[in-house]
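Let me begin by presenting the structure, written as structure tokens, before commenting on it.
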Amino acid sequence: MTEFRSRLLIALITLIISVLVGLGILLGQLFKSYYLQSFNERLKLERNLVNIYIQEIGGVSAFNKQEILKISGMLDVRMTITNPNGKILYDSKGPSNKDTGNLDKVIHEAIKIGPKAQDRLEEGDGFDLHYYWKPIIKNGQTEGYIFLSTKTNEVKQAYGQIWLILSISLGIALIVIIYLGIRITARYTKPIEAATNVAMELAKGNYWARIPAATLDETEMLAASINILAENLQELVKAQEMQRDRLRALIENMGAGLLLIDSHGSINLINKGYIDIFQVDPVDCINKQYYEVIEHQEICQLVAEVFRTEQKASKQLEIPILIEKRYFVVYGIPIIGTNHVWKGVLLVFHDITELKKLEQMRKDFVANVSHELKTPVTSIKGFTETLLDGAMNNKETLVDFLSIILKESERLQSLIHDLLELSKIEQPGFALNMQELNLTELLENVITLLSGKAQAKHIRLEFHHKESLTINGDVDRLKQIFLNVIGNAISYTPEHGKVTVFLVDHGEMVRVHVKDTGVGIEREEIPRIFERFYRVDRARSRNSGGTGLGLAIVKHLVEAHHGHIRVISEVGQGSEFIIELQKINQKYLDGEINGKKKTGTDRRE
């Protein structure tokens, strides 16, 4: 913008200088012409006056040298009087003057020309001589001639003074005009410069730039228009950024892998979900052909099908990733713009691995429940049919069969009770009856209840603790947890074994260690022991009266207390269950259990 202002100022100054120089030349010539004209008129007038004077005094013969000198001095000219033949009779400068030769020449030429011309300009060295002459008439006859001559160097001096005055005046005027021009151009170009700067900022993407309020009516509308444009652009950009952020957040957190392929087969976009699923680097994928990036042929075939048919397509695929197999539902969606212009293909990968696992767990659960229910029902039905066929007549057989039926019925009842209990615990509205309790006393009561079962197998059951510990929890549910864990330790420990319970204070947590010298658990089976109906040793578990749901119930109850349970085991060396519980749970102290208000009563039925 400074360059524009400079060009404008230079153009204005050049124009003004040209006008002033032309005006100066014109005025100089006018002054020169006027001065010369006035000078010539003066000389003509003086010539005529002298001529009349000479004629009135009696002609050339009556005129003397003293009068010539007097008149010459008064008029500041050289006055010369000649006879009709051009001979000089009187000369105010005298015959020895160096200009006499030129004067003789002018006199003879003037007499030769006659009355056609009465003035002449002779250019000399450093000055000009101007000659005026007129014949002296007496009695109708030419008695002689009078010549007046003067140097015109005074004219040149006056002309130089005129040019000096004009130059100074024009110089002062030029300085004033330049100053005013700078001020005026700055005043008028400053708003334009501000508008240009704001426009450049807007072009760079700075939509917060504004033009200060203009004081000139000519630029106020321009500033207001650009400011309105900037505000509109700012609002538009804000809306676009908000929409872009929402779209980015949606794409990056949609919970599925997304891959965008353009009409030429190049990958333009992949989201975080796709990167996390397939463990790829975006640099290795963007702007590359999809078949160079996607290693699985079934996905490439799906993309090719969408390109070929321009219709939606989906396929459920089992894809090996690293060391595991994962299941996906892959959707191929054609992207068609306005006027049916083909834009590309959008691939969406929905990970259904967990759903597959849940489906398999449901199938396993149904199969296990069916199996667990079928065994006692089949046994009860078989012994009942046997009794009805006549075995009831034998009293000893009748008692044995009825005992078996009772045992199987109790097992069936226990299984149904555990299923209902597990279902209740897994409900969102399940609540604990939280209260302050002495965990040491609770464990002592549990050990007392299980001491008979341990003595029956000659198992030494020990409880070690250093001090009495108090926590917040549900007394009945905690007792259920420890009865199950310690009972399992006794059941899976051979005769003459040992089960030890440790209660340890661990800062804000308490730990209960249940350690046995039983058969132990295989390392690969440890993650699955908390699944429903999962048994390490099915025969031993069934003989011990277990339903296969005990540890699943234990895990849910421990997590309901915001605790943790883990297992350390080695085959042949025994197992150790470690249960961590919080001493004080502030959430429960505030009266909220799993998002519900504490009622002070146990909701178990």
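Heavy atoms only: backbone and side chains are in, while hydrogens, waters and symmetry mates are out.
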**Asked** Ignoring hydrogens and geometry, is there a side-chain-to-backbone donor-acceptor pair from T517 to K498 under 3.5 Å?
**Response** yes
**Request:** Find out whether V514 and I578 are in side-chain contact, i.e. whether some heavy atom of one side chain is under 4.5 Å from a heavy atom of the other.
**Result:** no
**Prompt:** When you check the side-chain N and O atoms of K453 and S491, is any donor under 3.5 Å from an acceptor?
**Reply:** yes
**Item:** Criterion side-chain contact (heavy atoms from CB on, under 4.5 Å) on T384 and L388, from CA distance to verdict
**Value:** CA-CA 6 Å; T384 303; L388 291 175; 4.2 Å; yes
**Item:** Lys/Arg-Asp/Glu bridge criterion (N-O < 4.0 Å) met for D476, K479
**Value:** no
**Request:** Kindly give the heavy-atom pair with the smallest separation between L437 and G473, and that separation in Å.
**Result:** CD2-O, 3.3 Å
**Prompt:** For the side-chain hydrogen bond (donor to acceptor under 3.5 Å, both in side chains) test, which of H556, K555, H562 pairs with E559?
**Reply:** K555
Run the side-chain donor-acceptor check on residues 295-313: report pairs under 3.5 Å with partners two or more places apart or on a different chain.
residue : atom : partner : partner atom : Å
T309    : OG1  : E305    : O            : 2.8
T309    : OG1  : Q311    : N            : 3.3

**Item:** Check: G344 main-chain N/O paired with D262 side-chain donor or acceptor under 3.5 Å
**Value:** no
**Whether over 12 other heavy atoms sit under 6.0 Å from H496 NE2** = yes
**Asked** Of all heavy-atom pairs between M254 and I251, which one has the smallest distance, and what is that distance?
**Response** CG-O, 3.4 Å
**Asked** Is there side-chain contact between K583 and D505, with at least one heavy-atom pair below 4.5 Å?
**Response** yes
**Item:** Heavy-atom side-chain proximity of Q289 to S266 below 4.5 angstrom
**Value:** yes
**Message:** Contact between I481 and V512 at the side-chain level, heavy atoms closer than 4.5 Å - yes or no?
**Reply:** no
**Item:** Heavy-atom closest contact (L469 atom, N438 atom, distance)
**Value:** O-OD1, 3.5 Å
**Prompt:** Roughly how far, to the nearest 0.5 Å, is OG1 of T500 from CD of E576?
**Reply:** 9.5 Å
**Request:** Without swapping roles, check the side chain of S569 against the backbone of G520 for a donor-acceptor pair under 3.5 Å.
**Result:** no
**Prompt:** Does the side chain of H561 reach to within under 4.5 Å of the side chain of M434, using non-hydrogen atoms?
**Reply:** yes
**Request:** Check whether more than 12 heavy atoms from other residues, nucleotides or ligands sit under 6.0 Å from atom CD of E495, and answer yes or no.
**Result:** yes
**Request:** Could you tell me the separation between the CG atom of D276 and the CD atom of E252, rounded to the nearest 0.5 Å?
**Result:** 9.0 Å
**Prompt:** For the side chain of H465 and the backbone of V501, is there at least one donor-acceptor N/O pair under 3.5 Å apart?
**Reply:** no
**Request:** Show your reasoning for whether side-chain contact (heavy atoms from CB on, under 4.5 Å) applies to V237 and W208.
**Result:** CA-CA 11 Å; V237 169; W208 286 263; 5.6 Å; no
**Request:** Classify the ring geometry between F349 and F328 as parallel (under 30°), tilted (30 to 60°) or perpendicular (over 60°).
**Result:** perpendicular
**Asked** Quick one: does T353's side chain have a donor or acceptor within less than 3.5 Å of a partner on Y327's backbone?
**Response** yes
**Prompt:** Taking all non-hydrogen atoms of both residues, which atom of G332 and which atom of P334 are closest, and how far apart?
**Reply:** O-CD, 4.0 Å
**Prompt:** Under 3.5 Å, is there a donor-acceptor pair between the R246 and Q243 side chains?
**Reply:** no
**Request:** Can you measure from CD (Q455) to CG (L450) and round to the nearest 0.5 angstrom?
**Result:** 11.0 Å
**Request:** For residues R326 and K356, determine if any side-chain heavy atom of one lies less than 4.5 Å from a side-chain heavy atom of the other.
**Result:** no
**Asked** Rounded to the nearest 0.5 Å, how far apart are CD1 of I261 and CD1 of I335?
**Response** 9.0 Å
**Item:** K515 side, atom NZ; H464 side, atom NE2 - distance, nearest 0.5 Å
**Value:** 10.5 Å
**Item:** E241, CD atom: more than 12 neighbouring heavy atoms under 6.0 Å
**Value:** yes
**Neighbour count above 12 (heavy atom, 6.0 Å) for M200 CE** = no
**Residues R511, H513; criterion side-chain contact (heavy atoms from CB on, under 4.5 Å); working and verdict** = CA-CA 6 Å; R511 285 183 180 176; H513 298 252; 3.7 Å; yes
**Prompt:** Checking N484 side chain against Q480 main chain: does a donor-acceptor pair fall under 3.5 Å?
**Reply:** no
**Asked** Within the distance-only criterion (no hydrogens, no angle test), does the side chain of K325 pair as donor or acceptor with the backbone N or O of E318 below 3.5 angstrom?
**Response** no
**Message:** Rounded to the nearest 0.5 Å, what separates atom CG in L347 from atom CD1 in I270?
**Reply:** 12.0 Å
**Item:** Side chain proximity check, N253 to K272, heavy atoms < 4.5 angstrom
**Value:** no
**Message:** Closer than 3.5 angstrom, by distance alone: can the side chain of N339 be matched with the main-chain N or O of V341 as a donor-acceptor pair?
**Reply:** no
**Request:** Indicate yes or no: at least one non-hydrogen side-chain atom of F463 is less than 4.5 angstrom from one of L503.
**Result:** yes
**Message:** Please check this pair: side chain of D516 against backbone of V499, looking for a donor-acceptor N/O pair closer than 3.5 Å.
**Reply:** no
**Message:** Please give me the minimum heavy-atom distance between A230 and A209, naming the atom from each residue.
**Reply:** CB-O, 3.7 Å
**Message:** Quick one, I267 with K288, criterion side-chain contact (heavy atoms from CB on, under 4.5 Å). Give me CA distance, side-chain angles, the key distance, then yes/no.
**Reply:** CA-CA 6 Å; I267 297 175; K288 293 186 177 180; 5.7 Å; no
**Item:** N271 side-chain N/O to L258 backbone N/O, donor-acceptor pair under 3.5 Å
**Value:** yes
**Asked** Closest heavy-atom contact between T493 and G497?
**Response** CG2-CA, 3.8 Å
